[in-house]
Number of protein chains: 2
Amino acid sequence: MATPSPRGDIPPRPKVAVMEDVAELAGVSAMTVSRVLNAPEKVRPETRARVLAAVQELGYRPNSAARVLVTGRSGVLGVVSFDTTQYGPASTLYAIERAARQNEYSVSIASLDALNRRSIAEGVGRLIAQSVDGVIIVAPHESATDGLRHLPPDLPVVAVDAGEGVPFPVVMVDQHAGAARATRHLLSLGHRTVWHLSGPANWVDASARVAGWRSVLEAEGREVRKPLVGDWSARSGHELGRILAGEPDLSAVFVANDQMALGLLRALREAGRRVPEDVSVVGFDDIPEAAYFWPPLTTVRQDFATVGRLAFQLALDRIDGVRGERRLKVEPELVVRESAGVRGG
Amino acid sequence: MATPSPRGDIPPRPKVAVMEDVAELAGVSAMTVSRVLNAPEKVRPETRARVLAAVQELGYRPNSAARVLVTGRSGVLGVVSFDTTQYGPASTLYAIERAARQNEYSVSIASLDALNRRSIAEGVGRLIAQSVDGVIIVAPHESATDGLRHLPPDLPVVAVDAGEGVPFPVVMVDQHAGAARATRHLLSLGHRTVWHLSGPANWVDASARVAGWRSVLEAEGREVRKPLVGDWSARSGHELGRILAGEPDLSAVFVANDQMALGLLRALREAGRRVPEDVSVVGFDDIPEAAYFWPPLTTVRQDFATVGRLAFQLALDRIDGVRGERRLKVEPELVVRESAGVRGG
DNA sequence: GGGATTTGTGTTATCGCAAACACTCTGGGC
DNA sequence: GCCCAGAGTGTTTGCGATAACACAAATCCC
């Protein structure tokens with residue numbers, strides 16, 4: 001029934017080869033071709049060779065849509081994320097994609113314009129509509145956490161950097177520990193207390209860093225100055241830095257990320273306060289440029305690659321039916337450079 | 001035939017609703033449901049309302065695999081890219097995703113570990129296997145350009161920043177013009193000539209920037225010093241900067257990107273050469289941090305968002321059958337800050 | 001008022017693949 | 001020599017949607 005038309009001259013459309021074509025060329029049934037592709041050990045070697053040769057000759061590629069339709073599995077993982085132009089999310093995404101590729105998965109993305117329940121649900125919806133096998137959500141905002149509670153319960157979901165109380169696995173850098181480490185480092189250099197330039201409200205990592213910083217100061221009985229709230233940008237670091245620069249007793253600042261730290265460094269310099277001699281600064285993230293700031297920035301390195309890898313692994317487990325609500329924490333690492341020195345050094 | 005088993009007690013699996021279920025609930029045929037979803041104007045308003053209510057009630061979502069199978073269109077665009085942790089590629093990808101979303105497309109990514117023909121072909125292959133409708137290649141390397149010549153000819157492909165001679169549309173920032181603009185700016189400040197820290201060999205934008213820089217110097221009859229070749233990183237900028245800092249007649253440098261410029265600034269400072277008083281520096285990209293370098297970096301802004309948008313549009317055109325081998329150039333813009341000043345200023 | 005549209009809906013076939021089951025051998029045990 | 005196991009392959013069916021066609025009722029034309 002391949003050419004049912006009574007008229008002879010059908011323009012030979014350049015159709016791509018399908019399984020039946022391969023079967024015909026190899027002199028077997030379509031089912032055998034399917035087996036060669038999915039369970040080669042069930043086919044006699046010589047048959048297999050004939051089929052593979054035919055596949056090669058026709059440049060045959062299985063049609064994924066048909067396969068998805070019948071198997072219910074797409075081999076696609078969805079990633080929902082916010083602002084992938086930032087180093088952190090971009091690195092996480094990249095690591096997820098790498099891990100996925102190594103496991104024969106591919107990655108489809110859904111960027112968010114805003115971080116709120118509606119937006120998250122909508123992003124996940126776009127991915128579900130594509131028949132993804134699972135979803136990783138990289139949206140470290142509390143409103144996201146909220147939205148995550150109302151997702152299809154049977155969908156394998158993993159979150160990166162989500163807050164407490166979400167009903168599925170979460171992978172995160174231990175922000176609290178990282179902030180504590182940075183703060184302790186500054187105290188150990190002799191500073192009486194440490195100021196904080198924080199990330200925006202309701203971002204889970206911003207809050208965790210505030211908490212980590214605060215916990216160390218309180219444990220040591222140091223004065224806790226109210227954090228100045230920025231928006232992750234160098235611009236905000238600069239603006240807040242101008243305020244900080246006016247504080248006569250300022251000697252150490254823990255900044256919520258490296259971009260804001262850059263802005264702060266500039267503000268301090270403009271105010272004539274030397275770093276690290278007059279003021280010590282510690283950042284967070286260890287972006288590749290941090291080592292080339294002036295002075296080279298002491299900061300807390302987040303291993304985004306590991307986070308991405310783990311998130312993928314957890315997602316894969318969920319897809320394969322492994323349950324559990326694990327929270328995986330990745331340890332951050334303090335990278336000591338030159339922006340923090342001994343008090344009055 | 002929904003429950004063919006003679007035994008009554010089949011555990012009611014939580015199957016998702018399909019079109020037939022919606023049809024039944026609304027008291028119409030599946031075809032009518034399909035029409036409500038795809039061509040609502042062809043259905044009487046009251047019928048439409050009943051169907052939509054049923055869709056709502058069952059939480060029905062069309063199965064994309066089935067739709068792809070029959071329509072041959074997936075609504076997915078593939079993006080092949082290299083190193084999306086960098087600001088440029090990440091921004092481009094983000095803009096593509098945005099544009100895609102606004103046109104009811106979604107985006108699947110294929111990151112590359114290496115830039116060569118095999119790798120590119122393999123990345124495209126992964127996307128094709130997913131039935132993408134088209135592919136955008138963001139891989140500004142000459143080996144890529146080479147690999148691009150050997151792709152399935154019927155696949156809608158658009159390249160970002162590809163070299164000459166690829167057989168499909170290309171969107172790019174006019175790197176040559178941008179470099180020329182930067183160079184002219186430095187000359188206009190009274191510098192006798194301009195040195196160049198270039199990007200790595202065989203990157204099309206690196207080459208174009210070298211060419212733009214050289215063309216201005218030659219046109220003005222200035223001495224052309226051999227460019228120092230870096231790898232886009234701040235580290236390489238710093239290393240090469242140490243070499244440059246030893247050049248007594250150095251007074252102006254055009255750097256191939258902002259990260260390298262950051263490294264150079266640091267090297268110059270370490271060598272005791274003030275910027276911009278002793279040496280003027282101009283970068284390329286205008287990353288968000290550039291305004292907060294010390295001194296604030298004069299640089300050439302690339303409008304990645306526009307590039308991404310245009311690339312998507314071109315891809316969409318191709319998918320819709322519009323042919324042509326257009327090359328779209330986006331004009332870069334010189335952003336004057338403080339790192340470049342008058343000679344001997 | 002009778003045929004020609006038009007409008008709204010249903011029926012059937014099909015997309016490309018794999019699951020389930022059926023069949024044909026081959027070889028081995030007794 | 002018969003039965004059986006299992007390896008290897010084929011046939012049928014169905015995944016969930018839409019295209020193409022079929023058809024009934026409403027609307028139109030002169």
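All values below come from the heavy atoms of this structure, side chains included, with hydrogens, waters and symmetry mates left out. Each chain gets a letter, A, B and so on, in the order the sequences are listed, and its residues count up from 1.
Counting to the nearest Å, the C1' atom of D:dA17 and the CD atom of A:Q130 are 17 Å from each other. If you take CD of B:E46 and C1' of C:dT9, they are 13 Å apart, rounded to a whole angstrom. Atoms CZ (B:R67) and P (C:dG16) sit 18 Å apart, rounded to a whole Å. Remark: C1' of C:dC17 and CZ of A:R61 are 17 Å apart, rounded to the nearest angstrom.
In terms of position along DNA chain C, the nucleotide closest to B:R48 lies nearer the 5' end than the nucleotide closest to the other residue of the pair B:R48 and A:L69.
At most 12 non-hydrogen atoms from other residues, nucleotides or ligands lie less than 6.0 angstrom from CD of A:E104. Surrounding CD of A:Q102 are more than 12 heavy atoms belonging to other residues, nucleotides or ligands, all under 6.0 Å away.
Within residues 17-41 of chain B, the residues approached by DNA chain C to less than 4.0 Å at the level of any non-hydrogen atom are B:V28, B:S29, B:M31, B:T32, B:R35, in residue-number order.
Among the atoms of the strands shown, only primed sugar atoms or phosphate atoms (P, OP1, OP2) are found under 4.0 Å from some heavy atom of B:V43.
Residue A:T47 places at least one side-chain N or O closer than 4.0 Å to OP1 or OP2 of D:dT9. The phosphate of D:dA7 (OP1 or OP2) has no side-chain N or O of A:R44 nearer than 4.0 angstrom.
One side chain, B:S74 or B:D133, offers a donor N or O that lies under 3.5 Å from an acceptor on the other. No side-chain N or O of B:Q130 forms a donor-acceptor pair with one of A:S64 less than 3.5 Å apart.
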Original post:
Checking side-chain contact (heavy atoms from CB on, under 4.5 Å) for the pair B:F304/B:Y94: CA distance, chi angles, key distance, verdict?
Top reply: CA-CA 9 Å; B:F304 295 110; B:Y94 180 72; over 6 Å; no
Below 3.5 Å, can you tabulate the donor-acceptor pairs from side chains in residues 75-85 of chain B to any protein atom, sequence neighbours excluded?
{"from": "B:D83", "atom 1": "OD1", "to": "B:T85", "atom 2": "N", "distance (Å)": "3.2"}
{"from": "B:D83", "atom 1": "OD1", "to": "B:T85", "atom 2": "OG1", "distance (Å)": "2.6"}

